[in-house]
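Everything below concerns the one structure shown next.
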Amino acid sequence: MGTAGKVIKCKAAVLWGPNEPFSIEEIEVAPPKAKEVRIKILATGICRSDDHVIKGVMVSKFPVILGHEATGIVESTGEGVTTVKPGDKVIPLFLSQCRECNACLNPNGNLCIKTDITGRGVLDDGTTRFSCKGKPVYNFMNTSTFTEYTVVDEFSVAKIDATAPAEKVCLIGCGFSTGYGAAIKTGKVTPGSTCAVFGLGGVGLSVIMGCKSAGAHRIIGIDLNKDKFAKAMAVGATDCISPKDFTKPINEVLSEMTGNTVGYSFEVIGRLETMIDALASCHLNYGTSVVVGAPPSAKMLTYNPMLLFTGRTWKGCIFGGWKSRDEVPKLVTDFLAKKFDLDQLITHVLPFKNIQEGFELLYSGKSIRTVLTL
């Protein structure tokens, strides 16, 4: 492309500080350095994790370009890049895969050491490629997709099938894969089992889809917002309940509903209280509970160790347990083979300039996933 090696001026949604609205600004995106890839973003989803930065519950440097769930086209590559080339359709990866660290080399690992979950806000060389009004603008989670162009490290991008629809498969970059993998890969849900899913947002619905795909016999969705029940049933939930309808603890309600047979529970909200509720809700001896929702930073959890002593398994889960560069392209292929339906999760598609409206839809509970198209 004619822009290779040059600074690109483009539009981006810059967040200048916590609890501020997005500001659509003209930014400068420097060319990729060695082992880096510059991407033209085609579509990007709005995820609750982006909002965690706005609200200050997730650590970040400011100003920052958020967004981490996207599809794009490679515009240019830096020296030494071998896995993608200009023109390739790609998904940027907030969870890196360097293929060299302990987690990458272990068959059960996926949290690559290069993943920026501490809010460093820069690429691997310690700098950012973004600037606005003469100031550096920081990256978010190795990606930054609320912009027309972004630069990522080669270990944070996966080439996908060129025929994949950008405005749908962008969800494979975070929300869908996280939930679906939590059930299939992390929880290892078994055929005929009973599952309980706390939180029926986009990721929670993806957990339900994963439980169904794994052959679960009964899948109970739990949410305070009953407006979410119809969609949960549509993607595979067999029952939906609201804790507000009961006076007794939700784990007792679930035990009575199922004859004490909940084999798997999933917390897909990120609240400390519901993490313990979900743990207490799975079978006291053979139950597995998976923490899927991102917990608030700098908060401690207090729980009764007897919940674990009796035999329960409590697991964490990041990006559904998938090794990102290896498995994101396979998930896209599975989508194209109609093994799962992403349309159920996408409730709104808006032009990129309407990003603030997209976040208002998230806050109101009216959207599951809003996708912004560029």
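Between the side chain of R312 and the backbone N or O of S289 there is no donor-acceptor pair closer than 3.5 Å. When atom types are taken as modelled, the side chain of S242 and the backbone of K226 share no donor-acceptor pair closer than 3.5 angstrom. One N or O on the side chain of R38 and one on the backbone of V29 form a donor-acceptor pair closer than 3.5 Å. In this structure, W322 contributes its side chain and S177 its backbone to a donor-acceptor pair below 3.5 Å. A donor-acceptor pair under 3.5 Å is formed between the side chain of E154 and the backbone N or O of T82. With hydrogens and angles disregarded, no donor-acceptor distance shorter than 3.5 Å links the side chain of N260 to the backbone of S255. Checked by atom type and distance alone, the side chain of T261 never pairs as donor or acceptor with a backbone atom of G259 at under 3.5 Å. Checking side-chain atoms of T115 against main-chain N and O of I117 turns up no donor-acceptor pair under 3.5 Å. Side-chain N or O atoms of S131 include none that pairs as donor or acceptor with a backbone N or O of P136 at under 3.5 Å. Without hydrogens or angle criteria, T347 side chain to I368 main chain gives a donor-acceptor distance under 3.5 Å.
Atom SG of residue C195 and atom NE2 of residue H217 lie 11.0 Å apart, to the nearest 0.5 angstrom. Here S265 contributes atom OG and N251 contributes atom CG; the two are 10.0 Å apart, rounded to the nearest 0.5 Å. Annotation: the span from L374 atom CG to E167 atom CD amounts to 12.0 Å, rounded to 0.5 Å. Atoms CZ and OG1, on F94 and T143 in that order, are 8.5 Å from each other to the nearest 0.5 Å. One finds the OG atom of S213 at 13.5 Å from the CD1 atom of I208 (value rounded to the nearest 0.5 Å).
Within a 6.0 Å radius of NZ in K61, more than 12 heavy atoms belonging to other residues, nucleotides or ligands are found. A 6.0 Å sphere centred on CD of E79 holds no more than 12 heavy atoms belonging to other residues, nucleotides or ligands. Dense packing is recorded around OH of Y363, with more than 12 heavy atoms of other residues, nucleotides or ligands lying under 6.0 Å away. Counting non-hydrogen atoms of other residues, nucleotides and ligands closer than 6.0 Å to CG of N106 gives a total above 12.
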Passes side chain to side chain contact (heavy atoms under 4.5 Å, CB included), F146 versus I41? Steps please. CA-CA 8 Å; F146 292 162; I41 299 294; over 6 Å; no
Does the side chain to side chain contact (heavy atoms under 4.5 Å, CB included) test come out yes or no for I113 and N102, once each step is laid out? CA-CA 8 Å; I113 197 169; N102 290 345; over 6 Å; no
Between L342 and R369, does the side chain to side chain contact (heavy atoms under 4.5 Å, CB included) criterion hold? Intermediate values first, please. CA-CA 10 Å; L342 295 174; R369 259 303 189 267; over 6 Å; no
Should F340 and F335 be marked as a side chain to side chain contact (heavy atoms under 4.5 Å, CB included) after you check the CA-CA gap, both sets of side-chain angles, and the distance that decides it? CA-CA 6 Å; F340 49 83; F335 166 74; 3.5 Å; yes
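Here the side chains of I269 and E267 are in contact, with some heavy-atom distance below 4.5 Å. Between D116 and N139 the shortest side-chain heavy-atom distance does not fall below 4.5 Å. Using a 4.5 Å heavy-atom threshold, the side chains of Y180 and L171 count as separate. Residues L372 and I46 have side chains in contact (heavy-atom distance under 4.5 Å, counting atoms from C-beta outward). In this structure, D124 and F155 have side chains that are in contact, with non-hydrogen atoms separated by less than 4.5 Å. In this structure, the side chains of K366 and E360 stay at 4.5 Å or more apart for every pair of heavy atoms. In this structure, L361 and L350 have side chains that are in contact, with non-hydrogen atoms separated by less than 4.5 Å. The shortest side-chain heavy-atom distance between T71 and K89 falls under the 4.5 Å cut-off.
Smallest separation of non-hydrogen atoms from M209 and L345: SD-CD2, 4.1 Å. Closest of all the heavy-atom pairs between N142 and S96 is ND2-OG, 3.2 Å. Across K315 and T288, no two heavy atoms sit closer than the pair CD-CG2, 4.0 Å. Between P329 and S324, the closest heavy-atom pair is CD-O, 4.0 Å. Nearest approach of V235 to K212, heavy atoms of both residues: O-CD, 3.7 Å. Of all heavy-atom pairs spanning K159 and V90, the tightest one is CA-CG1, 3.9 Å.
The hydrophobic clustering, which links ILVMFWY residues whose side-chain heavy atoms are closer than 4.5 Å, places F319 and V291 apart. Under the 4.5 Å side-chain heavy-atom criterion for Ile, Leu, Val, Met, Phe, Trp and Tyr, L111 and V157 are members of the same hydrophobic cluster. The hydrophobic cluster containing I219 does not contain M257, counting ILVMFWY residues as joined when their side-chain heavy atoms lie under 4.5 angstrom apart, directly or transitively. In the hydrophobic clustering of ILVMFWY residues, with side-chain heavy atoms under 4.5 Å counting as a link, M233 and I220 come out apart. I276 and F246 fall into different hydrophobic clusters, defined by Ile, Leu, Val, Met, Phe, Trp and Tyr side-chain heavy atoms under 4.5 Å apart, directly or through other members.
Between F22 and F359, the ring center distance clears the sub-6.0 Å criterion.
With V151 as reference, R129 is the one residue of K33, E75, R129 to meet the side-chain contact (heavy atoms from CB on, under 4.5 Å) rule. When each of V14, T147, V137, I65 is paired with E25, the side-chain contact (heavy atoms from CB on, under 4.5 Å) condition holds for V14 and for no other.
Here D51 pairs with K55 in a salt bridge; the nearest charged N to carboxylate O distance falls below 4.0 Å. D125 has no carboxylate O lying under 4.0 Å from a charged side-chain N of K35, or vice versa, which leaves the two without a salt bridge. A salt bridge between K114 and D153 is absent, with no side-chain N of the basic residue lying under 4.0 Å from a carboxylate O of the acidic one.
If you check the side chains of S144 and Y138, you find no donor sitting under 3.5 Å from an acceptor.
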